[in-house]
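Basis for what follows: all heavy atoms, side chains included, without hydrogens, waters or symmetry-related copies.
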Amino acid sequence: MGEVVPRAERRRRTEGRILDAARSLFAEVGYERATIRAVAGAAGVDPALVMQYFGSKQQLFQQAVSVTPVGGEAPGADEVVEHVLGTLGVKMGRLPESSLAMLRSMLTHPEAAASARRLLGEQIDRVAGSLSGDDARLRAALLTVVMLGVTVGHQLLELDELREVPQEDLARLLRPALRALAGSEHS
């Protein structure tokens, strides 16, 4: 007879499978071409379950590019760094127009700036909760804005130096800096 897994753990695992499938699909085909049905198929669940967990494609995307894993025990510094680096494929892919619009407008429009601050603040809170030390929130903010800078450089400025480099090379070069910011023992 198989192991009895508590309902909350099954839910967490299913949510994780959906997010992993979404990250892969968003990175592979971009936001516009990724569908809830395709994410569900890749995760081995019904499309209605994806909507039940995430509400909309935009909310699924926001969770997929979120910096900390959903549920479970708080990850350590190395896990946070690897998760951040795992979102590179999505951030380097085609972002939804609403995300690009916010990126374009956040420095010139007060409402877009307030929205960006709120979303980034939530992300900083999640990352800070996974880091130790008195300056965890500052280090979480620095981790977040480094990735924001990479996204802006790639998506809006279309820097050849970022656009022509494989994701693995970006991750390899970013890893030591992100580990140092996260306070990893292996930095």
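The closest side-chain heavy-atom distance from I18 to L60 is below 4.5 Å. A 4.5 Å side-chain heavy-atom check between I124 and R137 finds at least one atom pair inside the cut-off.
Taken from CG in L85 to CE in M147, the straight-line distance is 6.0 Å, to the nearest 0.5 Å. Distance check: L178 CG to D78 CG gives 11.5 Å after rounding to the nearest 0.5 Å. For the atom pair CZ (R11) and CD (Q52), the distance works out to 6.5 Å, reported to the nearest 0.5 Å. Put simply, CG on L143 and CG on L174 are 10.5 Å apart, with the number rounded to the nearest 0.5 Å. The distance from the CD atom of Q123 to the CZ atom of R118 is 12.5 Å, given to the nearest 0.5 Å. L148 contributes atom CG, which lies 12.0 Å from atom CG of L142 (distance to the nearest 0.5 angstrom).
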Applying side chain to side chain contact (heavy atoms under 4.5 Å, CB included), run through V45 and Y53 and close with a yes or a no. CA-CA 11 Å; V45 300; Y53 278 32; over 6 Å; no
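Taking each heavy atom of A140 and A128 in turn, the nearest pair found is CB-N, 3.5 Å. Closest non-hydrogen pair, A38 versus T35, comes out as N-OG1, 2.9 Å. Heavy atoms only, all atoms of each residue included: L173 and P176 are closest at O-CD, 3.5 Å. Taking each heavy atom of I36 and K57 in turn, the nearest pair found is CD1-CA, 3.9 Å. Contact between L162 and G153 at its shortest, heavy atoms only, is CD1-C, 3.6 Å.
Using a cut-off of 4.0 Å between Lys/Arg side-chain N and Asp/Glu carboxylate O, R13 and E9 are scored as salt-bridged. Look at E82 and R179 and you find a salt bridge, because one of the NZ, NE, NH1 or NH2 atoms lies within 4.0 Å of a carboxylate O, short of that distance.
Put simply, the side chain of Q59 gets close to the backbone of S56: a donor and an acceptor are under 3.5 Å apart. A donor-acceptor pair is defined here as one N or O able to donate and one able to accept, closer than 3.5 Å; such a pair exists between the side chain of R139 and the backbone of A182.
Of the options V39, L19, L49, a side-chain contact (heavy atoms from CB on, under 4.5 Å) to F54 is made by L19 and by none of the others.
Other residues, nucleotides and ligands contribute at most 12 non-hydrogen atoms within 6.0 Å of the CZ atom of R37. Residue-environment remark: CZ (R10) exceeds the threshold of 12 foreign heavy atoms within 6.0 Å.
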